[in-house]
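Here the structure is a predicted model, which is why all the values come from computation and not from measurement.
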Amino acid sequence: MSKQLIAIWAEAHNHVIGKNHTMPWHLPAELAHFKKTTMGSAILMGRVTFDGMGQRALPKRLSLILTRDKAYQVDNERVLVFHSVEEILDWYEKQDKNLYVIGGKQIFSIFESYLDEIVKTDIHASYEGDTYFPEDFDWTVWTEVASDFRAKDADNPADFTIRKY
């Protein structure tokens, strides 16, 4: 299998993807899916998303941060900071890992036209938030090829469906 550029995110029924730079829900089964899917790959996010994660590099993944702030630095060998889409695409072409675009909203919009695949978790509940998935995302070019429904349980307070496009 060749490498791919893949968007991956969870979205509430009301299109919320974040609140105060974090996720407004706690769904351990969805987090486990994210971990399993992205393990051993590279993940791309904006600076605000990375800061919202406490500037923590996720284990066994390389983190790419896109920021306009030329002075922004992270002292961690598993974190690479970029200042343009072109720099990221150049890095991507020169290596062999899948690159997962994990957010936020602006990053999804910027990389929409470069995506090979989408892995979207639809959370079957509404949450309060301040960040929404881009309304102008063009879904007409995508076809759902798989879905996996997960019922709520004692640890996961909402049903959700993982969809691949």
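Residues Pro134 and Lys105 form a side-chain contact, since some pair of their non-hydrogen atoms from C-beta on lies under 4.5 Å apart. Between Asp75 and Gln73, the closest side-chain pair of non-hydrogen atoms is not below 4.5 Å. Side-chain contact between Leu64 and Leu62 is present, with at least one heavy-atom pair separated by less than 4.5 Å. Residues Met39 and Arg61 are in side-chain contact: their nearest non-hydrogen atoms beyond the backbone lie under 4.5 Å apart. In this structure the side chain of Thr67 reaches within 4.5 angstrom of the side chain of Val81, judged on heavy atoms. Leu66 has its side chain within reach of Ile107: a pair of non-hydrogen atoms, C-beta onward, lies under 4.5 Å apart.
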Practice task
Show the numbers, then the answer: is there a side chain to side chain contact (heavy atoms under 4.5 Å, CB included) between Phe111 and Ile88?
Solution key: CA-CA 10 Å; Phe111 283 89; Ile88 290 171; 4.0 Å; yes
Exercise for the section: Check the pair Trp9, Glu11 against side chain to side chain donor-acceptor pair (under 3.5 Å), reporting the backbone distance first and the verdict last. Expected result: CA-CA 7 Å; Trp9 75 93; Glu11 180 178 325; 2.9 Å; yes
Exercise for the section: Assess whether side chain to side chain contact (heavy atoms under 4.5 Å, CB included) is satisfied between Ile8 and Val101, documenting all intermediate values. Expected result: CA-CA 6 Å; Ile8 185 169; Val101 179; over 6 Å; no
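For His124, the side chain to side chain contact (heavy atoms under 4.5 Å, CB included) partners two or more places apart in sequence, or in a different chain, are Asp122, Phe149, Asp159, Thr161, Arg163. Remark: Thr143 engages no residue in a side chain to side chain contact (heavy atoms under 4.5 Å, CB included) (not counting sequence neighbours). Take Ala71 and apply the side chain to side chain contact (heavy atoms under 4.5 Å, CB included) test, not counting sequence neighbours, and it matches Asp69. Under the rule for a side chain to side chain contact (heavy atoms under 4.5 Å, CB included), the partners of Glu117 that lie at least two apart in sequence or sit in another chain are Gln4, Ile6, Val119, Lys164.
Placement of Leu89 and Trp91 within a single hydrophobic cluster is found when ILVMFWY residues are connected by side-chain heavy-atom separations under 4.5 Å, directly or transitively. By the rule that hydrophobic residues join a cluster once side-chain heavy atoms approach within less than 4.5 Å of another member, Val145 and Val141 end up as members of separate clusters. Taken together through direct or relayed side-chain contacts under 4.5 Å among Ile, Leu, Val, Met, Phe, Trp and Tyr, Leu5 and Tyr100 form parts of separate hydrophobic clusters.
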Under 3.5 Å, which donor-acceptor pairs link side chains of residues 16-33 to any protein atom two or more places apart or in another chain?
residue: Thr22; atom: OG1; partner: Lys19; partner atom: O; Å: 3.0
residue: Glu30; atom: OE2; partner: Thr121; partner atom: OG1; Å: 2.8
residue: His33; atom: ND1; partner: Thr37; partner atom: OG1; Å: 3.3

Can you give me every donor-acceptor pair (side chain of residues 42-54, partner residue at least two apart or in another chain, under 3.5 Å) with its distance?
residue: Arg47; atom: NH1; partner: Asp51; partner atom: OD2; Å: 2.6
residue: Thr49; atom: OG1; partner: Gly104; partner atom: N; Å: 3.0
residue: Asp51; atom: OD1; partner: Gln55; partner atom: NE2; Å: 2.9
residue: Asp51; atom: OD1; partner: Tyr72; partner atom: OH; Å: 2.8

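Lys3 places a side-chain N or O within 3.5 Å of a backbone atom of Tyr92 that can act as its donor or acceptor partner. Side chain of Glu87 to backbone of Ser84: a donor-acceptor contact under 3.5 angstrom is found. Of the possible polar contacts, none joining the Asn76 side chain to the Ala57 backbone as a donor-acceptor pair under 3.5 Å is found. A donor-acceptor distance shorter than 3.5 angstrom exists from the side chain of Asp153 to the backbone of Asp155, with no hydrogens or angles considered.
More than 12 heavy atoms of other residues, nucleotides or ligands lie within 6.0 Å of CD in Glu144, so this atom counts as buried by the packing criterion. For Gln95, the CD atom counts as densely surrounded, since its 6.0 Å shell holds more than 12 non-hydrogen atoms of other residues, nucleotides or ligands.
We find the OG-CZ distance between Ser109 and Phe133 to be 7.0 Å, quoted to the nearest 0.5 Å. Atom OG1 of residue Thr131 and atom CD of residue Gln106 lie 10.0 Å apart, to the nearest 0.5 angstrom. Summarising the geometry, atom CH2 belonging to Trp142 is positioned 8.5 Å from atom CD belonging to Glu112; distances are rounded to the nearest 0.5 Å. Rounded to the nearest 0.5 angstrom, Ile102 CD1 and Ser63 OG are separated by 7.0 Å.
Nearest approach of Ala125 to Tyr127, heavy atoms of both residues: CB-CE1, 3.8 Å. Of all non-hydrogen atoms in Phe82 and Leu80, the two that sit nearest each other are CE1-CB, 3.5 Å. Shortest non-hydrogen contact noted between Ala12 and Ser126 is CB-CA, 4.4 Å.
The distance between the ring centers of Phe108 and Phe137 does not fall below 6.0 angstrom.
Geometrically, Lys120 engages Trp139 in a cation-pi contact defined by less than 6.0 Å to the ring centre and at most 45° from the axis.
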